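This is a predicted model, so every value here is computed, not measured.
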Amino acid sequence: MQKKFIILIVVFGLLLLLPFSVQAVADLRGEKRFLCFDIFKDVVYTPFKRGAAIAAAADSVEARWRAAREAIAGGAETADALVPVVSAVSDLEASVLTVNAYAELDSAEARYRLLKQADTLLAGLEDEPETFPTVDSCLKAVIAEFSGFSWVNAFLDVKHYGVWTSRYLRAFENKVEDENALVLAVRPKYQLAVWKIFNDPGEKVVLGKNPSRLSPSDDTLSSLVSRLSSNPWLYYRQDVEFLVQPSPLDVRSAKLDNPISAISKFRDQLKAKGVELLVVIVPGKPSIYPERLTGRTASLQNSNGICRAGHGKAILDSLAALGFNTVDLYTPLWAAKADDAKLGALYLNDDTHWTPRGAELAAREISAKVRKMAEAGVVDVGAESVDYVAVDSVADRMGDIGEMSGLNKFNTFKVQRVTGHVVYEQVISERDSVTIDTNRTPFKDDFRKSKILILGDSFSRIYQTDSPVNAGWIAHFAREMKRPVASIVSDGGASTLVREKLARKAGVLKGKKLLIWEFVERDLRFGAEGWKTVDLGK
């Protein structure tokens, strides 16, 4: 072999080893763990340590459950007696669900379902004391399953979750890539160079274009485009991919969970508990503003004046045709764009989410649907009982898509200032028809009085629990309805994770008559954990 080829091979090998070497030096000099030892540790140490921890946690559950039964029999408050048991079960879950440094127990496994069932039953025991025998039986099954070190489970976990599995190696690779000192030092500068040279904002981001095909008489749109030309619009790549890939119901998507099937099962579970389901699919940003993505101003309506349906709208229409209670946000959002030049856009420039204007429009549409359901006798949401008032509040938003690009550290994209409307509960005291006191308190969830429960994702969180707080669609929905509401929110997890949250707090369904399930359309394909069946318990 010629010397020049040997030199090339050596140089190539050194380049491959460079990230590993830099990281090894950084780990040895710093306080962080030495990632390179994780694989060795997960082979020879973790299975035994985890097995011992599981056995100890199971013994703790047994001891605390025995003590709780004795305390309850002696007249102690159920809630107080169950606190140590809930804590012990939580510790057991933590030991069982984390298999090793890079793999979590598959939620389809019987062990996972058994633990979640115990969690759910314990959460509901205080309100449903008649379920005590069921809880006792379930906890005994948990103790029997996890007490003592199990060589069989240790072997199976190493086999299915060990270092030779794709799930482990992929997670390890991602961890090394995310934490590698060389990558962390070089990547930002590389991203900035690619942005400046090629206008490429990164693999998770799609750069929008200003519409180029404008009608000569379209002064409103022309002025809007002129004003936006120096403030680029960014789109989340998954939002775009959802529109251009086959529908989740297409035969080419057969490997995906069927969202309609999961939604149908969830509706049936709620019906059994006397709760109606209302499905709200939030359009992704490119579904409402395709012209700012493609640069073309093609009409969103067909020759009959009906809005063109992407996958999200088509699935929403399918649900409505199957008899589901649904809210169409596509049509009113499309129509509201006509006022963008005067009122501002409905979605943020470099964020996946809507502006306060879009959130408040959604609240009006959802409340209008709930009123129709109540008037038709479909659901009883109680009488109007709360007065709310909204107060202007300004907030600065740094877009999540801009953060995904990694370019915000160079101040590439501008902070966007928005005006939200913070909702307060208002109590007016009168004497002889004269107002003598007006007391305002911040809006808050009311799980005890509300007959309406909302499940949602980050579209339910934005402006609600982050700045300016209590200005999201949930608060404005309560204001429109003049009724208390309660909510459970999981960022990026409204397809399955938020239902799992609900299952762990099944007691919150007590007294509820309507559950509003909000999720963004891309979750129909890309939802975290897919669209699994979640057991809500009896």
Side-chain angles (χ1 to χ4, degrees), residues 9-59 89-116 142 145-187 203-204 238 255-257 492-493 496-497 500 526-530 532:
I9 293 172
V10 171
V11 171
F12 182 70
L14 290 174
L15 289 174
L16 287 177
L17 289 173
L18 183 59
F20 175 89
S21 303
V22 171
Q23 185 61 41
V25 172
D27 287 344
L28 290 171
R29 294 179 60 185
E31 297 180 356
K32 295 169 61 177
R33 74 179 190 277
F34 193 31
L35 288 179
C36 305
F37 282 156
D38 281 349
I39 291 179
F40 175 78
K41 184 183 70 173
D42 284 337
V43 170
V44 302
Y45 174 69
T46 299
F48 304 101
K49 180 184 177 182
R50 174 171 173 267
I54 290 173
D59 291 342
V89 171
S90 178
D91 290 342
L92 178 60
E93 281 187 358
S95 298
V96 174
L97 301 187
T98 303
V99 181
N100 51 48
Y102 298 97
E104 297 286 326
L105 192 71
D106 195 314
S107 59
E109 282 212 25
R111 290 177 292 169
Y112 182 97
R113 295 198 301 270
L114 178 61
L115 283 169
K116 293 304 179 185
V142 167
E145 173 68 29
F146 298 107
S147 286
F149 181 82
S150 171
W151 287 97
V152 174
N153 284 341
F155 171 77
L156 291 175
D157 287 341
V158 170
K159 177 182 177 182
H160 296 299
Y161 300 93
V163 298
W164 34 75
T165 62
S166 59
R167 76 174 84 200
Y168 184 98
L169 293 175
R170 190 177 298 113
F172 178 79
E173 180 184 9
N174 291 337
K175 188 73 170 179
V176 170
E177 181 179 334
D178 291 339
E179 294 190 3
N180 187 271
L182 183 62
V183 172
L184 292 177
V186 174
R187 180 188 287 163
E203 61 181 10
K204 294 183 179 180
Q238 277 195 354
K255 291 183 179 180
L256 298 176
D257 295 333
T496 293
L497 298 181
E500 291 180 341
F526 300 113
E529 299 296 324
K532 296 178 180 177

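- Panel note: side chain Tyr161, backbone Thr98; no donor-acceptor pair is recorded below 3.5 Å.
- Among residues two or more places apart in sequence or in another chain, the side-chain hydrogen bond (donor to acceptor under 3.5 Å, both in side chains) test is passed with Arg50 by Asp157.
- Contact check for Tyr112 versus Leu97: side-chain heavy atoms found under the 4.5 Å cut-off.
- If you run side-chain contact (heavy atoms from CB on, under 4.5 Å) between Val96 and each of Leu114, Asn153, Ile54, Val142, only Ile54 comes through.
- Taking all atoms of both residues into account, the shortest heavy-atom contact from Ala55 to Phe149 is CB-N, 4.1 Å.
- The CZ atom of Phe526 sits 8.5 Å away from the CG atom of Leu256 when rounded to the nearest 0.5 Å.
- For the pair Trp164 (side chain) and Val158 (backbone), a donor-acceptor distance under 3.5 Å is present.
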After noting the C-alpha distance and the side-chain angles of Val99 and Glu104, does the key distance pass the side-chain contact (heavy atoms from CB on, under 4.5 Å) rule?
-> CA-CA 5 Å; Val99 181; Glu104 297 286 326; 6.0 Å; no

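- Nearest approach of Thr496 to Lys532, heavy atoms of both residues: OG1-N, 3.2 Å.
- We find the NE2-CG distance between His160 and Asp106 to be 10.5 Å, quoted to the nearest 0.5 Å.
- Atom CD of Glu529 sits in a crowded spot, with more than 12 heavy atoms from other residues, nucleotides or ligands closer than 6.0 Å.
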Can Asp42 and Tyr102 be said to form a side-chain hydrogen bond (donor to acceptor under 3.5 Å, both in side chains), step by step?
-> CA-CA 9 Å; Asp42 284 337; Tyr102 298 97; over 6 Å; no

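- Here the shortest heavy-atom pairing between Gly493 and Ala528 reads CA-CB, 4.5 Å.
- Within the 3.5 Å criterion, the main-chain N or O of Ala58 finds no donor-acceptor partner in the side chain of Ser147.
- Considering only residues two or more places apart in sequence or on other chains, Glu109 meets the salt bridge (charged side-chain N to carboxylate O under 4.0 Å, His left out) condition with Arg111.
- Among residue pairs with one or both ends in residues 89-99, those qualifying as salt bridge (Lys or Arg N to Asp or Glu O under 4.0 Å) are Glu93-Lys116; sequence neighbours excluded.
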